[in-house]
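Written below as structure tokens is the structure these notes are about.
Each residue takes its place number in the sequence, starting with 1.
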Amino acid sequence: MIIVLKPDITEKQIQHIEERIKKLGLKPILSRGVERSLIGVIGEEDKLRATPLEAIEGVEKVMAVLKPYKLASRDFKRESSVVSIKDVQVGGKSIVVMAGPCSVESAELLSEVGHLIKKAGAKILRGGAFKPRTSPYSFQGLGEEGLKYLKKVGSKEGLPVVTEVMDPRQIALVDKYADAFQIGARNMQNFDLLKEVGKTKKPVVLKRGMSATIKDLLMSAEYILSEGNMNVILCERGIRTFEDATRNTLDLSAVAVIKQLSHLPVIVDPSHATGKWDLVAPMSMAAIAAGCDGLMIEVHTNPEEALSDGSQSLKPEKFEELMNMTKKVAEAVGRLM
Ligand code: PEP
Ligand code: MN
């Protein structure tokens, strides 16, 4: 249920409505818009149907939401959301590029890559300290040591940092060092993890599971939003199909579909989607043309010796070329870069 508030509603009236909802055992979630504010109601809606909410001052109308995701839907919030990762806004006019190595391998690598991606125009540093690897024998990440390097390089270069959290038990630690949490494809439906990051206020980059539908992705976002954290950025990173020419199939239609269904910002990760470094630039350009709000790109100074995802990692000079190419596409579709 969504309660649309009158434009001239007072703070006191908003509080009154929120209290009424809580008294019914339901949870109100306020969304302040430029034109109008709304209150999303979470819980058993039957209880609300018996209450004449329209009778309360400040309420314009009460609407049922037919979609299973409520807070993530455009019905709940018509204007597109802008999520700030420190001072970087994702979802506005600018296309935001997050870049860095797949894994934080060493202080030297991160410092070099951090410097070069910043110089090329990236706005956020990415890198995994906890790695979800298919094999338990593969490099699992440096853990807290990696988080420390991320924080250090991020501060030195003036880049906010995003890194993956795989388990609710890691949240407090990752929270200490990172500016945004990444929930990886393999954990998109780890509902306990989603609920726990939802209890923080820190932005969350939620990656689409490799076998997840768009609806599944939005339902996972709903888990985070319904705990009160509205700072969710969705990420299309390719899905499994019969096609084996690429690591995954980049579902670019998901960008346009999500833009219709949801107010949340959407970014695209062409590195994991293709698995091949020479496909990353063309897919980045296509993603921007399709309407995404940002890109997540893997960059490594020596991909041949990378401990993970070397074959899809760009050398810094290739990354710089990508930035120049994508900028032109961004401008052509009325975005900034
Ligand atoms: C990553 O970003 O390095 C990663 C593991 O991505 P995904 O969860 O999309 O596979
Ligand atoms: Mn990777």
_I'd like to know if the side chain of Asn231 reaches the main chain of Ser84, judged simply by a donor and an acceptor atom lying under 3.5 Å from each other, with no hydrogens or angles considered._
no
*For the atom pair CD1 (Ile258) and CG (Leu217), what is the distance rounded to the nearest 0.5 Å?*
5.0 Å
*Can you check whether Ser138's main-chain N or O pairs, donor with acceptor, with Gln140's side chain at less than 3.5 Å?*
yes
*Verify, without hydrogens or angle tests, whether Lys276 (side chain) and Ala245 (backbone) share a donor-acceptor contact under 3.5 angstrom.*
yes
_Gap separating the CG atom of Leu125 from the NZ atom of Lys156, nearest 0.5 angstrom_ = 11.5 Å
*Is any NZ, NE, NH1 or NH2 atom of the basic residue among Glu145 and Lys152 found under 4.0 Å from an Asp or Glu carboxylate oxygen of the other?*
no
_Arg133 atom CZ, over 12 foreign heavy atoms within 6.0 Å_ = yes
_Has Glu105 got a side-chain atom pairing as donor or acceptor with Leu307's backbone, closer than 3.5 angstrom?_
yes
*Can Met230 be reached from Ile267 by stepping across I, L, V, M, F, W or Y side chains whose heavy atoms are under 4.5 Å apart?*
no
_When you group the ILVMFWY residues by side-chain heavy-atom contacts below 4.5 Å and let the links chain together, are Val232 and Val82 in the same group?_
no
*Which pairs count as side chain to side chain donor-acceptor pair (under 3.5 Å) when at least one residue sits in residues 309-324, sequence neighbours excluded?*
Arg247-Asp309, Arg247-Gln312, His272-Asp309, His272-Gln312, Glu298-Gln312, Asp309-Gln312
*What pairs of residues pass the salt bridge (Lys or Arg N to Asp or Glu O under 4.0 Å) test when at least one of them lies in residues 324-337, not counting sequence neighbours?*
Asp293-Arg335
*How many angstroms lie between CD1 in Ile239 and CD in Glu243, if you round to the nearest 0.5 Å?*
12.0 Å
*Taking 4.0 angstrom as the limit, do Arg36 and Glu60 come out as a salt bridge?*
yes
*Checking Thr51 side chain against Leu53 main chain: does a donor-acceptor pair fall under 3.5 Å?*
no
*Are there more than 12 heavy atoms of other residues, nucleotides or ligands under 6.0 Å from atom CG of Leu66?*
no
*If only atom types and distance count, is the side chain of Thr249 paired as donor or acceptor with the main-chain N or O of Arg240 below 3.5 Å?*
no
*Could Asp167 and Arg169 be called an ion pair, given the rule that one side-chain N must be under 4.0 Å from one carboxylate O?*
yes
*asked:* Can you pull out every ring-ring contact (aromatic ring centres under 6.0 Å, His included) where at least one residue sits in residues 133-159? Sequence neighbours excluded, please.
replied: none
*Within a radius of less than 6.0 Å around NZ of Lys12, do more than 12 heavy atoms belonging to other residues, nucleotides or ligands occur?*
no
*State whether the number of non-hydrogen atoms from other residues, nucleotides or ligands found under 6.0 Å of Glu57 atom CD is greater than 12.*
no
_Short side-chain to backbone donor-acceptor contact, Thr274 and Leu279, under 3.5 Å_ = no
*So, does Asn229 use its side chain to make a donor-acceptor pair with the main chain of Thr200 at under 3.5 Å?*
yes
Which donor-acceptor pairs under 3.5 Å do the side chains of residues 88-104 make with protein atoms, sequence neighbours left out?
residue : atom : partner : partner atom : Å
Lys93   : NZ   : Gly334  : O            : 3.4
Ser103  : OG   : Ser308  : OG           : 2.5

*Taking only residues two or more places apart in sequence, or in another chain, which ones meet Phe191 in a ring-ring contact (aromatic ring centres under 6.0 Å, His included)?*
Tyr223
*What is the distance from atom NE2 of His115 to atom CD of Glu157, rounded to the nearest 0.5 Å?*
6.0 Å
*Mind jotting down which residue pairs meet the salt bridge (Lys or Arg N to Asp or Glu O under 4.0 Å) criterion with at least one end in residues 206-231? Sequence neighbours excluded, please.*
Lys207-Asp269, Arg208-Glu236, Arg208-Asp251
*Heavy-atom distance under 4.5 Å between the side chains of Ile17 and Ile9, does that happen here?*
yes
*Is the side chain of Thr10 donor-acceptor paired with the backbone N or O of Gln13 at a distance under 3.5 Å, no angle test?*
yes
*ILVMFWY network linking Val266 to Met296, side-chain heavy atoms under 4.5 angstrom*: no
*For Lys77 and Ser81, does a side-chain donor sit closer than 3.5 Å to a side-chain acceptor?*
yes
*Checking Lys202 side chain against Asp175 main chain: does a donor-acceptor pair fall under 3.5 Å?*
yes
*Kindly indicate whether the side chain of Leu71, heavy atoms from C-beta on, has any atom under 4.5 Å from the side chain of Ile29.*
yes
*State, yes or no, whether a side-chain contact exists between Phe319 and Leu116 at a heavy-atom distance under 4.5 Å.*
no
*Just wondering, are more than 12 heavy atoms of other shown residues or ligands nearer than 6.0 Å to NZ in Lys199?*
yes
